[in-house]
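Notes to accompany the following structure.
Nothing fancy with the numbering, it's 1 onward along the sequence. For clarity, every value in this text was computed on a predicted model and none was experimentally measured.
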Amino acid sequence: MFPRLTTLAKLFAADTWIVLDDVQFTRRDYQHRTRLAALGAPQESRWMSIPTHLPQGRHTAIRDALIVDPGLVQRRIMAMARQYYGASSHWPGIKQALEPLGAAFGSGRTAAVAETSTRILLDLLGWKGEIFRSGDLSARPGRSQRLADLTAAVGARSYLCGTGGMRYLDSGPFAFQQVAVMPFLTPPAGIWASGRQVSALWALATLGPVALAGRLRAVAAAQTLRCPETSSSPDGPVELAVSADGRTGRRDLVGGLGPGWALPADSVSPDPAVERA
């Protein structure tokens, strides 16, 4: 829900986002919650979460998780967002953009709110990529194998991987399908200092959509410079360019950590679709 800045940056840099909607819901992660940081003080933050009921207990898939009292939760979520960011000069536009959340809460499903909240941020920033759901695609079991299969299933030629994920990801299944694994890095300072802890709503309210989109484009361009080459045919290497600025017809991928989350390869959890808090 309302992804962190580093998560949003990965999505923005990719052409394709796969929402992992058929994996197990995990309460300790960010599938149903996020941290809101105070304007002017990102080091001061507070959890904002959706009370969630799991009909099948701990084995409930994300897409089947239900919101406890959706109407009440919607009012509380909107009140918290207004409390933290209502003083921003960018709040009127953000508030208007959040209107589709009403229908998402009306569905009664946590996954709908998580995915919709992420779509809203991407729309505000002008992202034009494609979105798929893992439940609609075929993939084999196994942490890295599943991610490689999903990447190949949507025709992507590269997979954006966070630094944490690079410690465990097996590149073998990706190499077999001629998919490059691209390490995704963000700057350590400025708005990025708290990027792995707090929701991107803070950066959006602080900078506004235009300025934030500029920062994300700069980060996306930096990934292009670091991108390795891979060969997709005997004819030679394929340029693995992140095309967030000018789309070239190629596809780079960020797979979703459940609805709304985008770094399945930035996790140290035993489940590849679960991002650790």
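One hydrophobic cluster holds both Y84 and L39 under the rule that ILVMFWY side chains link at heavy-atom gaps under 4.5 Å. Hydrophobic clustering keeps L101 apart from L66 (ILVMFWY residues linked when any side-chain heavy atoms are closer than 4.5 Å, directly or through intermediates).
When atom types are taken as modelled, the side chain of T7 and the backbone of P3 share no donor-acceptor pair closer than 3.5 angstrom. In this structure a side-chain-to-backbone donor-acceptor pair under 3.5 Å is present from Q24 to R58. A donor-acceptor pair is defined here as one N or O able to donate and one able to accept, closer than 3.5 Å; no such pair exists between the side chain of W17 and the backbone of E130. Under the 3.5 Å distance criterion, the side-chain polar atoms of R33 are matched with a main-chain donor or acceptor of R28. Side chain of S158 to backbone of M182: no donor-acceptor contact under 3.5 angstrom is found. The main-chain N or O of G57 is found under 3.5 Å from a side-chain atom of T60 such that the two form a donor-acceptor pair. Looking only at distances, no side-chain donor or acceptor of S45 sits under 3.5 Å from a matching main-chain atom of A37.
Distance check, rounded to the nearest 0.5 Å: CG of D64 to OG1 of T110 gives 11.0 Å. Between L125 atom CG and D123 atom CG the span is 9.0 Å, to the nearest 0.5 Å. Summarising the geometry, atom NE2 belonging to H90 is positioned 8.0 Å from atom OG1 belonging to T206; distances are rounded to the nearest 0.5 Å. To the nearest 0.5 Å, the span separating NZ on K10 from OH on Y159 amounts to 9.0 Å. Once rounded to the nearest 0.5 Å, the distance linking CG of L201 with CG of L121 reads 5.5 Å. From M48, atom CE reaches atom CE of M78 across 9.0 Å, with rounding to the nearest 0.5 Å.
Here the closest heavy-atom approach between residue S144 and residue D170 is recorded as OG-N, 2.9 Å. Residues L5 and W192 approach most closely at CG-CZ3, 3.5 Å, considering heavy atoms. Of all the heavy atoms in S134 and R146, the pair that sits closest is OG-NH2, 3.5 Å. Here the shortest heavy-atom pairing between F12 and L216 reads CD2-CB, 3.4 Å. The minimum heavy-atom distance between T34 and Y30, with the atom names listed, is CA-CD2, 4.3 Å. For T151 against F174, the heavy-atom pair with the smallest separation is OG1-CE2, 4.1 Å.
The environment of CZ in R215 is sparse: at most 12 heavy-atom neighbours from other residues, nucleotides or ligands sit within 6.0 Å. Under a cut-off of 6.0 angstrom, the local environment of CD in Q96 is sparse, with at most 12 non-hydrogen atoms contributed by other residues, nucleotides or ligands.
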| request: Decide side chain to side chain contact (heavy atoms under 4.5 Å, CB included) for D22 and R63; before the verdict, give the C-alpha distance in whole Å, the side-chain angles of both, and the deciding distance to 0.1 Å. | output: CA-CA 6 Å; D22 59 348; R63 62 189 176 191; 3.8 Å; yes
| request: Verify side chain to side chain contact (heavy atoms under 4.5 Å, CB included) between I94 and Y85, making sure each step is shown before the conclusion. | output: CA-CA 9 Å; I94 296 173; Y85 307 119; 5.6 Å; no
| task | Could you check R133 against I18 for side chain to side chain contact (heavy atoms under 4.5 Å, CB included), going step by step and ending with a plain yes or no? | result | CA-CA 5 Å; R133 293 185 178 85; I18 295 180; over 6 Å; no
| What's the verdict on side chain to side chain contact (heavy atoms under 4.5 Å, CB included) for Q43 and Q197, showing C-alpha distance, side-chain angles and the deciding distance? | CA-CA 9 Å; Q43 71 279 6; Q197 289 78 45; over 6 Å; no
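By the 4.5 Å heavy-atom criterion applied to side chains, F2 and L36 are not counted as neighbours. Side-chain atoms of I67 and R109, non-hydrogen and from C-beta on, never get closer than 4.5 Å to each other. You'll find the side chain of L185 stays beyond 4.5 Å of the side chain of V219, heavy atoms only. No side-chain heavy atom of E115 sits less than 4.5 Å from a side-chain heavy atom of D21. Residues L150 and F132 form no side-chain contact, since every pair of their non-hydrogen atoms from C-beta on lies 4.5 Å or further apart. Contact check for R157 versus Q177: no side-chain heavy atoms found under the 4.5 Å cut-off. Considering only heavy atoms from C-beta on, T52 stays 4.5 Å or farther from V68 through its side chain. Contact of the H53 side chain with the P55 side chain is registered, since non-hydrogen atoms from C-beta on lie closer than 4.5 Å.
Within the 6.0 Å centre-distance limit, the rings of F25 and H32 are counted as a close aromatic pair.
A cation-pi geometry, defined here as NZ or CZ lying under 6.0 Å from the six-membered ring centre and within 45° of its normal, holds between R143 and Y168.
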